[in-house]
Amino acid sequence: MADYQKEAKELLKLVGGKENIISVAHCVTRMRFVLAEPSKADVAAIEKLPTAKGTFTQAGQFQIIIGNDVTKYYDDFIKVSGIEGASKDAVKQAAKTNQNWLQRVIGNLGEIFTPIIPALVAGGLILGFRNCIDSLYLFENGTKTLCDLSQFWSGVDSFLWLIGEAIFHYLPVAITWSITRKMGTSQILGIVLGITLVSPQLLNAYAVASTAAADIPVWDFGFATVRMIGYQAQVIPAILAGFVLVYLERFFQKITPAIVSIIVVPFCSLVLAVLIAHTIVGPIGWVLGDWISKVVYAGLMNPMGWLFAGVFGLLYAPLVITGLHHMSNAIDSQLISTYGGTILWPMIALSNIAQGSAVLGFSLLTRKNERLQQVALPAAISCYLGVTEPALFGINLKYGFPIVCGMIGSSIAAMFSVGFGISAISIGVGGLPGILSIFPQYWGLFAIAMVIAIVIPFTLTYFWGKTHLSPEVLYGEAEPEKQLTPEQAAKDVILNAPMTGTLLPLSEIEDQAFASGAMGQGFAIDPTDGLVLAPCDAEVMMIFPTKHAIGLKTIKGEEVLIHLGMDTVELNGQGFNLRVKQGDLVNAGDPLVEMDLDAIRKAGKAVVSPVVVTSGQNVKLLTQGTVKATDEAAVILPTAND
């Protein structure tokens, strides 16, 4: 078994150290961090670690894709860091401190549906299979189905309906259970509440529209009546009822003495929740869900529905990145309940396929890069099976253009889908298997839509990447280091004045760390203008998080530090506007940063700025006194090894 302790030590440093980690956990393939200051994580360096296959931030968590060895990696990280591990739920709770209110609402909705998805997938496959045997008229000149010809398949069809009904008609039971599970209250009470919403004693939700108002049964309390209406397959009424139960139970737990809580809390919470569900939130949720369904359905079915579809197909992948896509589960379920099918779900399945095809095109391009193949191929397969996060965060979002290519293909496929009215009977089955959730009469059209979602993103990604990706990405090899010409090697590096002002020898400034030469030789500028320019051709090697210092590496390898002002680290970045980022290549005279000299002085800090060669070479001043930015200020003298 591999030993990851050495790399774990490096990772600990790159995420900002132990003090920057609020909590850490892992899932099947990823390390999940909640960081006090996410900006301290050196993402570029982390992604260069041998086992890191990519990084992304979602729902307030900084996540690193490790792969199948994540459990061993996590154990070694806990050993070397001395941090006590946390459960995934604990990490999620900690991560919410990094989320705004909308992210928390959407996150909660997603956590409600996540435990239910396996049942929805199973139900979708069952309904898809039943479609094959009881709705496809393939026999005797297109007049009979397989169920019409075979008692066996007719029995299978009837038996499978038992499971399908349990999943979809009794969906409110699963929802109220999931809410109580997520909120940490009594799950059995959630189950009981859900059952009261779909009890056989109630008028079935599907029969309400065809039943006269006078014929709807009621509970008669003498002074008032309550209609006995069921909420089979209704999503929003179940969600509202579940939260009513949760907050009632919390309220009664708070006010009830412990000695009688086992009696009072469940009784009062459940009775009141059921009453409120059938008198207030159930009817309100029914109307709200019906309104949402009609708005979405009207948007998709009007003459401009293709345009709505194009926008939805284009934006669904970004919605996944933000977590907002969880809203679609509730809307899809409501559409099925209201109209018996959903036009929304086929577009989601097509978006899965489109993002997978973009990854596949990227994978073909980078087939010689073994490291990327470890991420790309599994991510493409995952997309084709309906799970897009590995592809989005591991490849498409990281490199930019693949996600755009996937969005374009998804948009065109979605317009085709809605234009021909393709509808799904169930949700949960995404990607290529999503065809099983489509009504059989649309299978041929949906197959064409899938071809669109495969060909367009694949083609766009391949040809776009062919002209834009570097050899390092394409082949997994770094570009060879540029060799200096004999003229460059023989020429000393000149440091220009990075700012306009007064040039001083280091010995004349107050800060003894610089004045003594302990940091290296150089000079200082007392600036009259806050624009800081690159003193030579160089690479930006380091930028302090507080923006008050920038490290450069010259073409000959000398290291130069520009320290902007004295004690300005205490300003935490205030008064500095960066114009470059770490890793940038700059030419002499390119802007590096803008200093607000007045703001820095008002904060009580000196603006005198040392320019020091920290790699140990001697420096010879070429001028003193008043200088303009880009004037020649000093020369770095060659060492004995040069």
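Because the structure is a prediction, the values reported are computed rather than measured.
In plain terms, the two heavy atoms of L270 and L193 that are nearest each other are CD1-N, 4.2 Å. Counting all heavy atoms, side chain and backbone alike, S363 lies closest to L377 at OG-CD2, 3.4 Å. Taking both residues in full, the closest heavy atoms of A238 and T176 are given as O-CG2, 3.5 Å, listed atom of the first, atom of the second, then distance. Between G230 and L202 the shortest heavy-atom distance is N-CB, 3.6 Å. Closest heavy-atom contact between A317 and S351: N-OG, 4.1 Å. Nearest heavy atom pair, residue G431 against residue N352, reads N-OD1, 3.3 Å.
For W306, there are no ring pair (Phe, Tyr, Trp, His ring centres under 6.0 Å) partners at least two apart in sequence or on another chain. Listed by chain and number, the residues in a ring pair (Phe, Tyr, Trp, His ring centres under 6.0 Å) with F420 are F416 (sequence neighbours excluded). For K144, the salt bridge (charged side-chain N to carboxylate O under 4.0 Å, His left out) partners at least two apart in sequence or on another chain are E140. Contacts of T185 classified as side chain to side chain contact (heavy atoms under 4.5 Å, CB included), with partners at least two apart in sequence or in another chain: T180, V246, E249, R250. A search for ring pair (Phe, Tyr, Trp, His ring centres under 6.0 Å) contacts involving W291 returns nothing, not counting sequence neighbours. For Q441, the side chain to side chain contact (heavy atoms under 4.5 Å, CB included) test picks out F439, with sequence neighbours left out. Under the rule for a side chain to side chain contact (heavy atoms under 4.5 Å, CB included), the partners of I276 that lie at least two apart in sequence or sit in another chain are V244, L248, I280, V281. Among residues two or more places apart in sequence or in another chain, the side chain to side chain contact (heavy atoms under 4.5 Å, CB included) test is passed with N141 by none.
A distance of 11.5 Å separates CG in D220 from CE in M228, rounded to the nearest 0.5 Å. Annotation: the span from L365 atom CG to F463 atom CZ amounts to 9.0 Å, rounded to 0.5 Å. Annotation: the span from I435 atom CD1 to L350 atom CG amounts to 10.0 Å, rounded to 0.5 Å. Atom OG1 in T279 sits 4.5 Å away from atom CG in L275 (nearest 0.5 Å). Going from atom NE2 of H278 over to atom CD1 of I229 covers 10.0 Å, rounded to the nearest 0.5 Å. In this structure, the separation between CG on L197 and CG on L171 is 11.0 Å, given to the nearest 0.5 Å.
Looking only at distances, no side-chain donor or acceptor of H169 sits under 3.5 Å from a matching main-chain atom of V198. A donor-acceptor pair under 3.5 Å is formed between the side chain of S150 and the backbone N or O of W153. Formation of a donor-acceptor pair under 3.5 Å by the T461 side chain with backbone atoms of F458 is not found in this model. Under a 3.5 Å cut-off, the side chain of S178 and the backbone N or O of A174 do not form any donor-acceptor pair. In this structure a side-chain-to-backbone donor-acceptor pair under 3.5 Å is missing from W286 to P237. A donor-acceptor distance shorter than 3.5 angstrom exists from the side chain of Q373 to the backbone of T366, with no hydrogens or angles considered. Under a 3.5 Å cut-off, the side chain of R130 and the backbone N or O of D157 do form a donor-acceptor pair. Side chain of S158 to main chain of G155: no donor-acceptor pair is present (N/O by atom type, distance under 3.5 Å, no hydrogens or angles).
Between I239 and F243, some side-chain heavy-atom pair lies under the 4.5 Å cut-off. Looking at heavy atoms from C-beta onward, M347 lies out of side-chain contact with Y316 at the 4.5 angstrom threshold. Between T145 and I133, every side-chain heavy-atom pair lies at or beyond the 4.5 Å cut-off. Between I353 and Y384, the closest side-chain pair of non-hydrogen atoms falls below 4.5 Å. Side-chain contact between F308 and V418 is absent, with no heavy-atom pair separated by less than 4.5 Å.
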Report all side-chain donor-acceptor pairs from residues 401-412 shorter than 3.5 Å, counting only partners two or more places apart or in another chain.
| residue | atom | partner | partner atom | Å |
| --- | --- | --- | --- | --- |
| S410 | OG | G313 | O | 2.7 |
| S411 | OG | G310 | O | 2.8 |

Only pairs under 3.5 Å count here: list side-chain donor-acceptor contacts from residues 444-453, not counting sequence neighbours, and write none if there are none.
none

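In F139, the CZ atom is crowded: over 12 heavy atoms of neighbouring residues, nucleotides or ligands sit closer than 6.0 Å.
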Evaluate I348 against W345 for side chain to side chain contact (heavy atoms under 4.5 Å, CB included), listing each step before the verdict.
CA-CA 5 Å; I348 293 173; W345 184 257; 3.8 Å; yes
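Residue pairs satisfying the ring pair (Phe, Tyr, Trp, His ring centres under 6.0 Å) criterion with at least one member in residues 347-375, sequence neighbours excluded, are listed as follows: F362-Y399. Applying the side chain to side chain donor-acceptor pair (under 3.5 Å) test to pairs two or more places apart or on separate chains, those with a residue in residues 226-235 are Q234-Q334, Q234-S337.
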